[in-house]
Structures are given as structure tokens and as C-alpha cells.
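Residue numbers start from 1 in every chain, and the chains themselves are labelled A, B, ... in the order their sequence lines are given, proteins ahead of strands.
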Protein chains: 2
Amino acid sequence: MARTHPMSNRQILVVEDERPIREMVAFGLRRAGFDVVEAEDTREARARIADRRPDLVLVDWMLPDMSGLELTRALKKDKDMREVPVIMLTARAEEHDKVSGLEGGADDYVTKPFSPRELLARINAVLRRSHAAARDEVVSAGGLTLDSAGHRVMVGEATVPLGPTEYRLLSFFMTHPERVYSRGQLLDRVWGGNVYVEERTVDVHIRRLRKALEGFDCDRFVQTVRGAGYRFSTRVE
Amino acid sequence: MARTHPMSNRQILVVEDERPIREMVAFGLRRAGFDVVEAEDTREARARIADRRPDLVLVDWMLPDMSGLELTRALKKDKDMREVPVIMLTARAEEHDKVSGLEGGADDYVTKPFSPRELLARINAVLRRSHAAARDEVVSAGGLTLDSAGHRVMVGEATVPLGPTEYRLLSFFMTHPERVYSRGQLLDRVWGGNVYVEERTVDVHIRRLRKALEGFDCDRFVQTVRGAGYRFSTRVE
DNA sequence: ACGCAATGTGACGCATCCGTGACGGTTTCC
DNA sequence: GGAAACCGTCACGGATGCGTCACATTGCGT
């Protein structure tokens with residue numbers, strides 16, 4: 001929660017076993033003004049995350065000891081590390097990977113081969129979204145304002161009356177808009193992976209969230225995607 | 001949420017006469033999200049290629065009736081099958097074979113013994129090359145935008161109201177445009193190979209898809225090819 | 001022009017999914 | 001210590017979408 005790095009010196013952890021690629025990526029990022037930490041396997045990565053607290057983790061899908069996917073899953077289950085945004089680096093371009101990568105908890109993915117420009121764009125997008133909270137800034141969408149410092153969501157001058165879980169849910173949605181999440185994914189990322197609760201519980205909290213947003217005419221942003229999950233989108237259907 | 005639908009729309013034909021190996025490979029590929037069709041000789045392989053239209057063929061170098069190399073050569077001579085990428089599976093590691101394998105028209109080769117990871121990497125590399133157009137996160141065609149992360153198709157700022165099946169159907173079409181698919185093929189690839197439904201059901205969903213696209217003046221992209229099946233094409237007839 | 005086959009179209013029953021209100025148990029805050 | 005708030009679960013009912021059928025329409029060959 002405490003701001004540990006100045007804006008111009010954001011720290012990124014690059015997890016990649018192939019040294020040439022890792023160094024090339026690291027070089028590009030340093031050139032772009034980032035502070036880069038490198039790791040070549042997941043064991044090292046976990047250690048660096050624990051002691052350096054990077055602002056973002058860039059992880060290769062294919063790693064020697066454990067796949068990047070599993071690392072991501074593990075991170076998102078750890079309460080201390082759940083907030084760290086993850087971008088998956090993958091050589092695989094199929095839809096399958098996009099889905100499973102995101103199910104594992106990655107905030108975005110970049111397909112190899114990628115241009116430095118594309119990678120930077122993704123990194124900045126994710127940093128802007130997910131770390132706005134950690135920088136005590138606000139995220140706005142469709143009249144809603146997420147004030148993470150104040151742990152509340154506002155519409156104009158009014159505060160939306162939310163319970164803790166509804167706040168976390170809406171907070172997650174607002175930092176991850178325009179994207180469908182299954183009930184299972186939401187349980188992983190909003191509830192935390194280690195607890196077992198019925199998937200239908202998500203429905204109930206969606207209901208409570210909608211009810212809270214109802215008075216502000218914002219409930220339409222929480223959208224049901226039949227057979228898939230839920231999506232937060234300010235674009236009307 | 002045990003979905004029966006293929007996660008990736010990619011279908012792979014495995015041609016291998018030794019059953020244990022074939023089944024192991026097929027298992028690994030299915031696990032990785034691919035839709036797998038098996039064949040144990042070149043005769044069967046040609047039949048499967050003709051009726052299933054796989055995205056990629058994985059063929060053993062040594063086959064009982066005709067060598068995989070000859071199958072590959074034959075495929076590349078056939079106008080209908082020339083576009084299908086081929087990966088050769090060979091027990092021989094000599095440089096000589098690599099060369100002749102590629103000369104025969106294979107897009108890549110993998111030397112036995114191989115790790116599943118290596119095989120997947122090769123497959124994805126080849127798929128990426130041959131389906132370069134289909135690998136972007138958002139696929140656009142004729143004003144339509146497929147937003148796979150958001151599980152929706154948009155026209156400008158508006159969302160096309162699609163049911164789950166219609167979404168999968170249109171999603172498949174947009175990633176496989178300009179090509180005719182029979183009702184049977186569509187059932188395989190969109191519905192998932194293991195379900196039995198009437199072929200006419202496809203017609204009904206085509207109808208529903210067209211109706212949904214009607215308001216956006218995009219229904220003309222879904223074209224009927226009498227006696228053959230359906231095709232998605234942004235080229236006007 | 002005629003007839004057959006293929007495709008378009010509207011309707012219907014059924015299964016599934018999702019919204020919703022209620023309830024018991026636990027935590028939090030006076 | 002009590003009340004209020006909150007959470008997870010359940011059951012019920014409505015809504016949605018699916019697969020099939022029957023009938024209309026189109027297109028093709030003769």
C-alpha cells in the first residue's frame with residue numbers, strides 16, 4: 001500500500017530462463033526508464049518478489065522448473081503477493097492460452113514475438129490500471145470513482161454503500177474492465193484462492209453489488225455473460 | 001464448469017501407425033486444448049484431411065503403406081490440401097532427413113524422442129505462422145470486431161446481441177474466414193466433436209446468427225454455399 | 001415449366017442458467 | 001453483551017437459449 005517507488009522508477013521483475021531473451025527485454029525496459037530485476041526460474045522469482053516487491057512481474061510461460069502459469073496461480077493465492085500485477089509472455093498464440101493464462105491470474109499476456117513498443121504499451125496499461133490503487137490514485141469509469149485510499153467508491157459527492165466483499169468485487173472489476181471473468185476466476189482473484197466457497201455465492205454478491213449500484217443507475221455496468229461469467233463494462237449493451 | 005466445447009478452435013490430425021504412441025501424443029494435445037483427430041495410415045489420413053479440414057497435420061515419417069514423406073508430398077500437390085501445414089515426426093536425427101523432410105513440403109519436423117513441451121512449441125510456431133492473421137486478440141472483419149477477452153462481438157461501440165452458441169459460431173467463422181465448412185465440420189469444431197445433434201440444427205443457428213447481424217448490415221457476410229455448407233466472407237458476392 | 005432437393009423460417013418443449021429473497025451463523029462495532 | 005452488519009448457502013421461479021420439427025421458399029437439373 002505504501003508507495004515504494006517514484007513514478008519514474010517503477011520496478012519490474014523479468015522471469016525468463018533464456019538468458020539472451022531476458023537480457024534483451026531487460027535492456028529495453030531499462031532504456032524505457034524502468035528499474036529491472038531479473039530471475040531465471042520461479043524459485044528465484046518468488047524470492048525476488050518477496051524481497052524487492054516489484055510493481056509488475058513479467059513472466060515467461062515456459063520455464064524450466066515450473067511453468068509461468070503455475071507461478072502466476074501461486075502468486076495470486078498468496079495474500080501478500082496477490083496485488084502484484086502479472087503479464088504473461090507466451091510463444092503460444094492460441095485462444096486457449098489466453099484463456100488459461102488469464103484463469104491463472106495473469107492481468108494480461110503478450111505473444112512472442114512482440115515488438116518492444118507493444119510490450120511497453122501493455123506494461124503501461126497494466127501499471128496504470130492495477131497500480132493506480134497502490135499509488136493512492138483513483139480510477140474512474142462511467143461516473144464511478146474508485147477511491148482506494150479511502151476504501152470506497154463514489155458517484156460525484158456520494159459514497160456507494162458497499163460491504164467489504166462488494167467493495168473488493170467492484171474494485172477488481174473497475175481495475176479489470178471490459179473482460180469476462182468466470183465465477184471460478186472471480187473466486188480466485190476476489191475471494192482468494194485458498195478458500196472453498198460455492199460458485200453460486202458469486203451470483204449473490206453480484207446481486208448485492210448491483211443493488212448497491214442501482215440507486216446510482218450504474219448497475220447496468222455489471223453485466224452477465226450467459227454460460228461464461230460476469231463482465232464490468234461501461235459500454236452499454 | 002466442465003465445458004465440453006473445444007477451448008481452442010484448432011484441430012490437429014495425428015497420423016501414426018503405432019497405436020500407443022499415437023494415443024499418447026493425442027492425449028497430450030487434447031490436454032493442451034487441441035481438438036485431435038487420429039489416423040493410422042495415409043489412406044485414412046487423406047480421408048480425414050478431406051472431411052475434417054484440420055488446421056495442422058502431424059505425421060510420422062515411417063508409415064506402413066506409404067511413408068509420411070510421400071504423404072506430405074502428395075498433400076502439397078493437391079490444390080485443396082496444400083495450405084494445411086504439416087509437421088513431420090521422425091525417429092531419425094540425421095541432417096539428411098531434416099532436409100528431405102522439408103523438401104517434401106513439411107513445415108517443420110520433430111525428432112523422436114521429443115518432449116511434449118517441444119512438440120507443443122513447434123506446433124504453435126507453425127500454427128502461428130500459418131494463422132498469423134488469426135492471432136491478434138481482437139480480430140476485425142468488415143466492421144465486426146471479435147473481442148475474445150470480453151466474450152463479445154462489437155460493431156463500433158455497439159455489442160451484437162449473441163447467444164453462447166451464436167458467439168462461438170461467429171467467433172469460429174471470424175478466425176476461419178473465406179473458407180467453406182460443411183454442417184458436419186461446423187458441428188465438430190463449434191459444438192465439439194462428441195455431441196450428436198442434427199445437422200439441420202446448424203441451419204437454425206446460422207439463421208439466428210444472421211438475424212443478430214441483420215441490424216448491423218453484416219448478415220451478408222454469412223454466406224450459404226449450396227450443397228457444401230457455409231462460409232464467412234467479407235467479400236461481397 | 002416442372003419437380004426434387006436443399007435451405008430458410010417460425011414455433012414449441014425442454015433443459016439449464018441465473019436472479020432473487022430468505023435464513024442461520026459469524027463477526028464487528030457500540 | 002447485545003445489536004447490527006455481513007457472509008455463505010439454499011430453494012424456488014423466471015428467463016434464456018438449445019435442438020427439433022413442420023412448413024415455406026429457393027435453386028437447380030431436366
**Q** Atom CG of B:Leu187 to atom P of D:dC18: distance rounded to whole Å?
**A** 14 Å
**Q** Could you state the CD-P distance from A:Glu199 to D:dC10, rounded to the nearest angstrom?
**A** 13 Å
**Q** So what does B:Tyr230 touch, heavy atoms closer than 4.0 Å: a base, only the sugar-phosphate, or nothing?
**A** sugar-phosphate
**Q** For the side chain of B:Val204, starting at C-beta, report the closest nucleotide among C:dG10, C:dT20, D:dG17.
**A** C:dG10
**Q** Between A:Arg235 and B:Glu157, is there a side-chain N and carboxylate O pair less than 4.0 Å apart?
**A** yes
**Q** Nearest whole Å is fine: how far is D:dG19 P from B:Arg168 CZ?
**A** 8 Å
**Q** With heavy atoms under 4.0 Å as the rule, sort B:Thr165 into base, sugar-phosphate or nothing.
**A** sugar-phosphate
**Q** Just the rounded figure in Å: distance from P of D:dA11 to CG of A:Asp203.
**A** 15 Å
**Q** In degrees rounded to 10°, what angle is found between the helical axes fit to the five outermost pairs at each end of the helix from C:dA1-D:dT30 to C:dC30-D:dG1?
**A** 40°
**Q** If you only use heavy atoms from C-beta on, which nucleotide in D:dT26, D:dT16, C:dG8 is closest to the side chain of A:Arg226?
**A** D:dT16
**Q** Using 30° and 60° as the class boundaries, would you call the ring planes of B:Tyr181 and B:His176 parallel, tilted or perpendicular?
**A** perpendicular
**Q** Rounded off to whole Å, could you give me the CZ-to-P distance for the A:Arg200 and C:dA22 pair?
**A** 17 Å
**Q** So, does A:Asp60 use its side chain to make a donor-acceptor pair with the main chain of A:Val15 at under 3.5 Å?
**A** no
**Q** Between P on C:dC17 and CD on A:Glu198, what's the gap in Å once rounded to a whole number?
**A** 14 Å
**Q** Given D:dG8, is OP1 or OP2 found less than 4.0 Å from the side-chain N or O atoms of A:Trp191?
**A** yes
**Q** If I take atom CG in residue A:Leu209 and atom P in nucleotide D:dC6, what distance separates them, rounded to the nearest angstrom?
**A** 13 Å
**Q** Hey, does A:Glu166 reach any base, or is it just sugar-phosphate, or nothing, if we go heavy atoms under 4.0 Å?
**A** sugar-phosphate
**Q** Measure CD1/B:Ile206 against P/D:dT25 and give the value in whole Å, please.
**A** 22 Å
**Q** Taking the basic N atoms (NZ, or NE/NH1/NH2) and the acidic carboxylate oxygens, is any pair closer than 4.0 Å for B:Arg152 and A:Glu178?
**A** yes
**Q** Please pick, from C:dG10, D:dG17, D:dG19, the nucleotide with the shortest atom-to-atom distance to any side-chain atom of B:Lys211.
**A** C:dG10
**Q** Any chance the rings of B:Phe173 and B:Phe221 have centres within less than 6.0 Å?
**A** no
**Q** With the side chain of A:Arg208 defined as its heavy atoms from C-beta on, choose the nearest nucleotide among C:dG21, D:dG19, D:dG8.
**A** D:dG8
**Q** Spell out, as yes or no, whether a donor-acceptor pair under 3.5 Å connects the side chain of A:Glu199 to the backbone of A:Ser182.
**A** no
**Q** Within the side chain of A:Arg210, is there an N or O that forms a donor-acceptor pair under 3.5 Å with the backbone of A:Val222?
**A** yes
**Q** Can you find a side chain N or O atom of A:Arg207 that sits less than 4.0 Å from OP1 or OP2 on C:dG19?
**A** no
**Q** Checking contacts here: which listed nucleotide (C:dG8, C:dG21, C:dG19) is nearest the side-chain heavy atoms of B:Thr224?
**A** C:dG8
**Q** Do the charged groups of B:Glu166 and A:Arg226 touch, with an N to O distance under 4.0 Å?
**A** no
